Amino acid sequence: MAEPLVLAEKLEGGVGLLRLNRPKVLNALNVDLMKELAERVQEMERDPEVGCLVLTGNGRAFAAGADIQEMAGKSPVDMELSEPFASWETIYRCKKPIIAAVHGYALGGGLELAMMCDIIVAAEDAQLGQPEIKLGVIPGAGGTQRLPRAVGKSAAMEMVLTGEAISAERALQLGLVSQVTAPEVLLEEALRLARSIAEKPPVAVRMAKEAILSAYETTLAEGLRWERRAFYFLFASQDQKEGMAAFLERRPPQFKGR
Ligand code: HXC
């Protein structure tokens, strides 16, 4: 049997670990890999024991982009019929938080995939960029939209128009990643964050993720209305009663996800 293109593992503490697994080509994201990734994400999404996902790359990169070999000879109609973005959409739509643990190259579709995740933690050796311009195309999986929202117009223009990658340190300054670690502790740190999220009440975690994502898609007034409705709604959850009772009784809460 062929080696899986994505390795999936359920870890202690409610964490699902996914590893992109085409290390010989720096985890170039071909259609089959993205399909497998979408399937594994959906399985983890359905699994009540998983509260948070971590996505990382096997080998010396997170992902060096979409598979150029696969794309090079395609026509627009080939591209449209192969519907590459259906799988990407599944990842973005996942209701559970996903942390991208990025080391080495996160280029093109690799960076776009990381930006579809909710938190990016980067190793000091990470290089993040949108080099598509050098290939005669532009980012196609959200880079022209998510990058400016993350780093602002000027830095996004610079990255997309020159195709030059930035360091982890620069990505931290720009707010593209939330923290930078030594390469040897990257996964450990991402898993620590994931366990911290997975032990929180899952309904509130889902609402918080959805509310923050809505900040990118709507007006401030509508976003605030959405937040307030979600806030009120959470008072109908058992976990809100438990969380507040536990605080008042000075004991650790036992959340049920209800
Ligand atoms: C296919 C790739 C690849 C890619 C690397 N490889 N990136 N194959 N698609 N995106 C392969 C190489 O061909 C090589 O295979 C092996 O991985 C190792 O890469 P090297 O180039 O030998 O390594 P190195 O010299 O260290 O250079 C690393 C690199 C370079 C700087 C990351 O590989 C590179 O520039 N890659 C392309 C990056 C890129 O342009 N990404 C954007 C793609 S477009 P062999 O068989 O020769 O050993 C995109 C659009 C997204 O992402 C749209 C959404 C669908």
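Just so we're clear, the structure is a prediction, and the values are computed from it rather than from any experiment.
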Any donor-acceptor pair under 3.5 Å linking the side chain of [X] with the backbone of [Y]?
{"X": "Lys209", "Y": "Lys95", "value": "no"}
{"X": "Glu112", "Y": "Gly140", "value": "yes"}
{"X": "Ser237", "Y": "Phe233", "value": "no"}
{"X": "Gln130", "Y": "Met159", "value": "no"}
{"X": "Ser87", "Y": "Ala38", "value": "no"}
{"X": "His103", "Y": "Ala182", "value": "no"}

Sequence-distant partners of Leu107, side-chain contact (heavy atoms from CB on, under 4.5 Å), two or more places apart: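 Partners of Leu107 under the side-chain contact (heavy atoms from CB on, under 4.5 Å) test: Tyr105, Pro131, Ala165.
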Sequence-distant partners of Tyr216, side-chain contact (heavy atoms from CB on, under 4.5 Å), two or more places apart: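 With sequence neighbours excluded, Tyr216 shows a side-chain contact (heavy atoms from CB on, under 4.5 Å) to Arg149, given in chain and number order.
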Hydrophobic cluster (4.5 angstrom, side-chain heavy atoms) - remaining members for [X]:
{"X": "Val77", "result": "Leu81"}
{"X": "Leu220", "result": "Leu224"}
{"X": "Val31", "result": "none"}

Residues Glu80, Lys74; criterion salt bridge (Lys or Arg N to Asp or Glu O under 4.0 Å); working and verdict: CA-CA 10 Å; Glu80 189 207 349; Lys74 285 197 171 165; over 6 Å; no
Geometric class of the Trp88/Phe85 ring pair [parallel <30°, tilted 30-60°, perpendicular >60°]: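 The arrangement is tilted - the two ring planes meet at 30° to 60°.
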Nearest heavy atoms of Val203 and Gly257, plus distance in Å: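 Shortest heavy-atom separation between Val203 and Gly257 comes out as CG2-O, 3.7 Å.
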Criterion side chain to side chain contact (heavy atoms under 4.5 Å, CB included) against Val54, the qualifying member of Val121, Leu193, Leu191: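 The residue from Val121, Leu193, Leu191 that satisfies side chain to side chain contact (heavy atoms under 4.5 Å, CB included) with Val54 turns out to be Leu191.
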Min side-chain heavy-atom separation Leu128-Phe62 under 4.5 Å: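 Sidechains of Phe62 and Leu128: no contact.
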Minimum side-chain heavy-atom gap Asn30-Leu5 below 4.5 Å: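 Of all side-chain heavy-atom pairs linking Leu5 with Asn30, at least one is under 4.5 Å.
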Contacts of type salt bridge (Lys or Arg N to Asp or Glu O under 4.0 Å), residue Asp47, not counting sequence neighbours: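 Asp47: salt bridge (Lys or Arg N to Asp or Glu O under 4.0 Å) contacts with Lys10.
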